[in-house]
Q: 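Handing you this structure, nothing more for now.
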Amino acid sequence: MAAPPQGATASAWGGLALLLDTRFKRSLAISVVLIAMVAAPFLFGPYATVILTNALLYVVLALGLNIVVGYAGLLDLGFAAFFAVGAYTVGITTLHFGLNFWLALPLAIVFAIIAGVIIGTPTLRLRSDYLAIVTLGFGEIVRISARNLRETGGASGLIGIDSPWILGWHIETPRDFYFVFCVLAILAVLASARLANSRLGRAWLYVRHDEDAAEAMGIDRVKVKLAAYIVGAIYGAIAGAFFAANLGAISPESFSFQQSVLILMAVILGGMGKIPGVVLGAFIVILAPELLRDVGDLRLLIFAVGLLLIMLFRPSGIWPAGGRK
Amino acid sequence: MNLFDIFTHQLVNGIVLGSFYALVALGYTMVFGVVKLLNFAHGDLYMVGGFAGFLILSVLAPFLGAGWLGVAISMLFAMLAVGFLGVVIQRVAYAPMLAAPRLSILITALAVSLVLQNAVLAMTKGQYQPFGASFGFGGVNLGNLFISYNQMVLVGTAGVLMLALELFVTRTQYGRAMRAISVDKDMCRLMGINVNAVIAVTFFLGSALAAAAGTMAGAYYGSLWYFMGFLIGLKAFTAAVIGGIGSIPGAMLGGLILGLLESFGTQLPGVGSGWKDVFSFSVLILVLVFKPTGLLGKPEQERM
Amino acid sequence: MSLLDLKGVSLSFAGSKVLQDVDFNVPAGAVVSLIGPNGAGKTSLFNCITGFYKPQSGSIKVDGVETMRMKPHQVTRLGIARTFQNVRLFREMSVLENVMSGMHCRTRAGVVDAILRLPAQRREEAAIRDFSIECLRFVGIEDGWHRDAGTLPYGWQRRVEIARALATQPKLLLLDEPAAGLTAGEKQELIALIGRIRDERGVAVLLIEHDTGLVMRISERISVLDHGVMIAEGTVKEIQTNPRVIEAYLGVEEGEAELAG
């Protein structure tokens, strides 16, 4: 029987690592998940497919924010800004410059990295309260700029964004995009797991736990924080790029503070810092409104109260922490 | 209108705006002084204060009218109510989290803010709520400049409240204790100061001032919205930072400066009202990056 | 040229002088102690050396390189590592992960390396793990590496902190009151460990310590700080009989007794 995974990997997977402690169990779990993912659109119909696609989009966004908040401990309240950079880069370059999506995508990533550096460099040395508000401010600046500028289509946004082709296959139906987002979500999960169990992933945790002690051990806390911010930005930009291609139309309201908060809720409600928890949180945030349809306006209030209760009674979120003693 | 007229017009606007920012900024700065926490929900207490004032006014209006007297009395009751709300929030949500990692208490404050916002959203269905005050339109003419009585009353009331706070902080025991705690909380505990009581009083006062600003804003601008606390919270925080977080005169100064900056800033070419908020946020970011201690704040050198 | 060289270092906080014109040095491979009454400024001196406090004037050189303007992590990279007066481990991370933090500044894998898991990155990870285990064994911790560091008994936590500092491959190790809270037996082990750090790893050790008995037994040289001023420097014998030092320690007779250990 194989030993349970040790070190930072275990902490990234949380209680799941304890549950799936043999190679056999892990392979079984992975197979079940993959089969479920492939079968879902056929089992549940087109409407559910769209919802699930949304949930998978949120998985990518939440995993990106998880690196910033959950690993590095930086409360970023303006994460939607990176989502916007990705979406608008694709929107503008494909619409106005006729650029192929697969060229626009790396460009979106580059711009997100630049945005991350511009926002991060002056602000990551601030104390955490200030950082939260400054990132919020940047999020608003991006949204308001998108609303005001002609190039971004103003308040009505951009419409008529083409959907991409890949190897002769036109990705256009909801089901097509569902599978694309499945792949993105899986890649996001794998990348997050590998980052967690690496030199950089550990550095994020050291800085989050005690940044002065980390600094004393030779870790450049500003560089480490900036790395987290930029990696998060890349996740956001990729999500934004495919979001724009999927919807075909984007408007500034998708990139508001409410959006940033919703992504943050996905990160926290399921279990901050733990990959399965973040995935669960993403599904909760997207599926709950569907299931709680009758509740309507109270939905956000329920989430907010839920968040408050979790912080007061179980700060590690719904997912068990699964620490080693 | 010539340049001088524009200048004086914006000067008045700036002072009025600055009064709101100063009142809310005071709450931020006082709370930060005693518990070293930026109360994210503070802006929403302003919003709740506005709605509380509205509700109380609708009850009192048949007896006191909806003019200055009615609004003033409503405001006082709203200050009491929201002051207590602030204390409750501190006891229930923040006090248990003081030992937890910094991130947790920040998220908790965010959660409180979201609860307040979404509760009011649910109750108002997101609609704008007319405040229902009936103020006159009279005023004073100084050449080309018109200053309404409402503006004068507003600035005057804000000034009175700030003066009252300043007296409280400098002349009473609680006020002295507040300042002592902001310098060294543990020492205060050792010296027998009832730190918890002083913290409660601080939250009460800060929330009450925000509620006063909220009620006045509702009366002056005529309507309330569940999301109005969000923006004012950010602006007031900017004001507190400009003046130096933790410094009470700083918050007043910062509020005034921000109000003036915004009023004059919108006159700059290219900066219309659509970019007003971007302008203010940029000011915030620049101040935090280049002079985080603000104008009157004390530099913090952490002891290891 | 000494390994560590301080000249004319002065530090004040909000008007009060914490360090006044301090001259101080540590030769390579030596064991030096810094003693003095409480509040003398010893930890502040450590914080200046490691770059956490910026003195208003003076010069600090490590191996001839001026470090006054450097960030703390840069000073660590130059070869200065430290432990803290109140143990500052990453309590919710494992013992092994704590020690591995020391190797961060000696390794290089970044984002892309982490995601792609190329052979070079995997080799580096193995090297980090192996060296960290070696450091743990060196301080006498043979197992239990996967326990959360906060669950260890106090004496063991202090050892982990030393292992963590050693993982940075320092030239000089600063120990801030390493014997505080240790039993007599643990203190003996600490003395032996410090000796081995110097002899087997060639690392110089500078310690702040109040247990004068321990200090007298282990130090090649002692420096005495009082109210921010360096009042004496010399061998054990010289310090024990130095009248200024005796006076600084609670008056003449008690001071003599105190210093005799």
Side-chain angles (χ1 to χ4, degrees), chain A residues 69-70 73-75 77 119 121-123 125-134 136-145 147-149 154-155 208-210 212-213 216 257-258 261 264-265 267-268 272 295-313 315-316, chain B residues 32 36-40 89 92-94 96-97 100-126 227 230-231 233-234 237-238 241 245 272 274-290 292 300 302 304:
Chain A
V69 176
L74 308 167
L75 186 55
L77 294 179
I119 300 176
T121 313
T123 59
R125 43 197 98 224
L126 297 175
R127 48 182 296 159
S128 35
D129 324 50
Y130 293 5
L131 180 70
I133 303 224
V134 167
L136 203 171
F138 268 114
E140 282 297 283
I141 289 179
V142 168
R143 178 186 66 86
I144 295 174
S145 305
R147 189 196 65 195
N148 288 349
L149 293 173
R208 184 181 117 204
H209 277 113
D210 187 342
D212 287 326
F257 172 64
Q258 277 87 339
V261 166
L264 183 65
M265 286 205 182
V267 172
I268 297 175
M272 191 160 63
V295 178
D297 277 334
L298 288 181
R299 161 180 46 118
L300 284 174
L301 179 59
I302 293 178
F303 274 163
V305 171
L307 182 64
L308 184 59
L309 290 175
I310 285 181
M311 290 318 297
L312 291 178
F313 298 112
S316 46
Chain B
F32 186 86
K36 299 286 182 275
L37 164 74
L38 275 180
N39 183 6
F40 210 83
I89 290 175
V92 168
Y94 299 151
M97 301 293 286
R102 191 115 204 113
L103 192 59
S104 300
I105 196 170
L106 287 178
I107 296 177
T108 307
L110 176 65
V112 170
S113 164
L114 292 171
V115 168
L116 291 174
Q117 268 179 29
N118 286 307
V120 176
L121 165 63
M123 289 192 270
T124 61
K125 305 247 179 290
F227 203 57
F230 175 73
L231 213 47
L234 289 177
F237 170 70
T238 307
V241 167
I245 194 97
W275 291 100
K276 175 165 59 92
D277 298 333
V278 171
F279 180 75
S280 304
F281 292 141
S282 307
V283 168
L284 170 65
I285 292 165
L286 288 172
V287 171
L288 277 180
V289 171
F290 291 110
E300 238 182 69
E302 269 171 69
M304 295 250 311

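Chain naming here is simple, since letters A, B, ... match the order of the sequence lines and numbering starts at 1 in each.
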Q: Identify which part of L288(B) has an atom lying under 4.5 Å from any heavy atom of chain A, answering side chain, backbone, both or neither.
A: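 Answer is both: backbone and side chain atoms of L288(B) are under 4.5 Å from chain A.
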
Q: Restricting to non-hydrogen atoms, name the atom on V112(B) and the atom on A93(B) that form the minimum distance, rounded to 0.1 Å.
A: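 Result for this residue pair: CG2-CB, 3.8 Å.
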
Q: Top residue by heavy-atom pair count (under 4.5 Å) with chain A, among T238(B), V289(B), L106(B)?
A: L106(B)

Q: What part of Y94(B) is in contact with chain A, defined as an atom under 4.5 angstrom from a non-hydrogen atom: side chain, backbone, both or neither?
A: neither

Q: Nearest heavy-atom pair of L37(B) and R102(B): which atoms, and what distance?
A: CA-NH2, 3.8 Å

Q: List the atom of P292(B), the atom of V241(B), and the distance in Å for their closest heavy-atom pair.
A: O-CG1, 4.5 Å

Q: Where do T123(A) and L126(A) land on the side-chain contact (heavy atoms from CB on, under 4.5 Å) test, with the steps shown first?
A: CA-CA 5 Å; T123(A) 59; L126(A) 297 175; 4.2 Å; yes

Q: Would you mind checking which part of F303(A) comes under 4.5 Å of any heavy atom in chain B, side chain (CB onward), backbone (N, CA, C, O), both or neither?
A: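 For F303(A), neither part sits under 4.5 Å from chain B.
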
Q: Identify which of V92(B), L116(B), L234(B), I107(B) forms the greatest number of heavy-atom pairs closer than 4.5 Å to chain A.
A: I107(B)

Q: Heavy-atom distance under 4.5 Å to chain B: side chain of V261(A), backbone, both or neither?
A: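 When you check distances to chain B, only side chain atoms of V261(A) fall under 4.5 Å.
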
Q: Against chain A, label F290(B) side chain, backbone, both or neither, depending on which of its atoms sit under 4.5 Å from a heavy atom there.
A: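 No part of F290(B) comes within 4.5 Å of chain A.
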
Q: Side chain, backbone, both or neither: which part of L110(B) has an atom under 4.5 Å from a heavy atom of chain A?
A: side chain

Q: Considering only heavy atoms and a distance below 4.5 Å, find which of N148(A), L136(A), L74(A), I141(A) pairs most often with chain B.
A: N148(A)

Q: Are Y130(A) and F237(B) close enough, and set up right, to give a side-chain contact (heavy atoms from CB on, under 4.5 Å), and what steps lead you there?
A: CA-CA 9 Å; Y130(A) 293 5; F237(B) 170 70; 3.8 Å; yes

Q: Indicate yes or no: does D129(A) engage K36(B) in a salt bridge with an N to O separation below 4.0 Å.
A: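 Here D129(A) does not pair with K36(B) in a salt bridge, since their nearest N and O are not under 4.0 Å apart.
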
Q: Quick check on R147(A) against chain B: is it the side chain, the backbone, both or neither that has a heavy atom closer than 4.5 Å?
A: side chain

Q: Check the pair L121(B), L301(A) against side-chain contact (heavy atoms from CB on, under 4.5 Å), reporting the backbone distance first and the verdict last.
A: CA-CA 8 Å; L121(B) 165 63; L301(A) 179 59; over 6 Å; no

